[in-house]
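Convention: sequence-line order gives letters A, B, ...; per-chain numbering from 1.
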Number of protein chains: 2
Amino acid sequence: MSETVIRQVRTGGRSARIQAAVHEATEALISELGRAALTVPAIAARAGVTPSTIYRRWGGLPALLADVAARHLRPVAEPADAPTLREALQAWVEQYADEMSSGPGRALIHDVLNGSAEPEFTGRCCSYTIDQLRVISDRAMARGEPPLPLEEVVDHVVAPIMYRIIFGLDLTDPAWCRGLVDRLFDGSPPLEG
Amino acid sequence: MSETVIRQVRTGGRSARIQAAVHEATEALISELGRAALTVPAIAARAGVTPSTIYRRWGGLPALLADVAARHLRPVAEPADAPTLREALQAWVEQYADEMSSGPGRALIHDVLNGSAEPEFTGRCCSYTIDQLRVISDRAMARGEPPLPLEEVVDHVVAPIMYRIIFGLDLTDPAWCRGLVDRLFDGSPPLEG
DNA sequence: TGAATTAACGCAACTCCTTTGCTTTAACTG
DNA sequence: CAGTTAAAGCAAAGGAGTTGCGTTAATTCA
């Protein structure tokens, strides 16, 4: 016997204000103390809020960090344009790999993955990536070029990069990233060649 | 002025016994209570150990879970053999994807990634994968077939699968996994085709 | 083999994160 | 503008995590 309770969410004034204050406080304390010394009570104090508010809204520190990280991973600008589709993707991949493999980038990814078992925050990150790729693809189509096969780009360009970052492997060779894009455009030879 | 202290680690009797007891207790409590209700004191009590022992040796619950998970992710057997290299890889990928995308598999991966910023446990998992692929490759070479390009297999077969699992995407289409291997062996066409 | 050394565990006290029941505030509804 | 009820504040209780110190036992070396 389960009652379906309609629970309306309040998005207005105070809630929005507190969310902003908590996010701000979190970012400030991360840069001041680092993640090691970060605690919910400390964030609450900085934000002018009681700890129980954070615990009830976010559930705990990992979920809060994931929320903040996911927000940071949202691209601030549209991907750079370039004369050709290949060059545009090349440029985007280079920047993507640089940002994600940097110290702060790895920390953000770590935070997002630690957030929760629920794919709430990870899903957001995937969407950001797809959105960027779609912009690049649409611009190219407007010039008469073929569209990007988005799924293949994710599988064979984005995934290899993220795999190495997530599993702590080096990503210092810029030529390797370019090779991923080249392989996508030029095709790959059958085995044994 | 830094003193380099040689700190020898003790691997003998008691340490090994306690490590085994703690691992056993962890696994038992995971299946009894689930990860949500899991705590270090509970594990310590079950293992007949004081909590401080666990905190000092592992550092905390996430690191302990990562250690246990990494141990579980170690392959129990050599990969299945098959008449040809392609079939052997095909079979391995199918099993790999099945195990990793299952509920328990995703939980183990999550635990390993949450373990620590240090690539201690993630590195182990990568090694397991590479080792399995190397076995498949070596067996094929003994039959006169070409070796597997290990790095390419990781980049274009393993990475796409792991990316989808880690970011909470579906992985229900077995044909998609086969397609990854086919693409590796048959090559991929250049764009715009 | 046996004594010396010291890494690792047990114990206990302490700190403070986390949870929870209740009250108060203020966002939404009609 | 009054009524309803999410969401925040407050405070107390519970429990996770930390640390200093004594004890145990693994390792080394004579």
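- Donor-acceptor pairing under 3.5 Å, judged by distance alone, is present between the side chain of R56(B) and the base of dG10(C).
- The listed nucleotides are dA16(D), dA7(C), dG17(D); the one nearest the side chain of R10(B) is dA7(C).
- Rounded to a whole Å, the CZ atom of R14(A) is 11 Å from the P atom of dC28(C).
- Rounded to a whole Å, the CZ atom of R17(A) is 11 Å from the P atom of dG9(D).
- In this model, no donor atom of one side chain and acceptor atom of the other lie less than 3.5 Å apart for N114(B) and H110(A).
- Atom OH of Y55(B) is separated from atom P of dG15(D) by 13 Å (rounded to the nearest Å).
- At whole-Å resolution of the value, CG in L64(B) and C1' in dA16(D) are 15 Å apart.
- At dT27(D), none of the side-chain N or O atoms of S15(B) fall inside 4.0 Å of OP1 or OP2 (strictly under the cut-off).
- Checked against dC28(C), dA8(C), dG9(D), the side chain of V49(A) finds its nearest nucleotide in dG9(D).
- Put simply, CH2 on W58(B) is 16 Å from C1' on dG17(D), counting in whole angstrom units.
- The CD1 atom of I54(A) sits 10 Å away from the P atom of dA8(D) (whole-angstrom rounding).
- The interatomic distance linking I18(A) (CD1) with dT24(C) (C1') rounds to 13 Å, in whole Å.
- One finds no side-chain N or O of T50(B) lying less than 4.0 angstrom from the OP1 or OP2 phosphate oxygen of dA8(C).
- Within 4.0 Å (heavy atoms only), L61(A) reaches no atom of the nucleic acid at all.
- Between G13(B) and G60(B), the residue anchored nearer the 5' end of DNA chain D, judged by the nucleotide with its closest heavy atom, is G60(B).
- Between T39(B) and the phosphate of dA16(D), there is a side-chain N or O to OP1/OP2 separation shorter than 4.0 Å.
- Side-chain contact, H156(B) with R183(B): no donor N or O sits under 3.5 Å from an acceptor N or O.
- Minimum atom distance to the side chain of T53(B) is reached by dC9(C), of the listed dA7(D), dT27(D), dC9(C).
- Residue-to-nucleotide contacts include a donor-acceptor pair under 3.5 Å from the side chain of S52(B) to the base of dC11(C).
- Remark: E27(A) does not engage R35(A) in a salt bridge, criterion side-chain N to carboxylate O under 4.0 Å.
- For the 3.5 Å distance criterion, the side chains of T84(A) and E87(A) qualify, holding a donor opposite an acceptor.
- Judged by distance alone, the side chain of T26(B) and the main-chain N or O of V22(B) form a donor-acceptor pair under 3.5 Å.
- dG10(C) atom P lies 10 Å from atom CZ of R57(B), rounded to whole Å.
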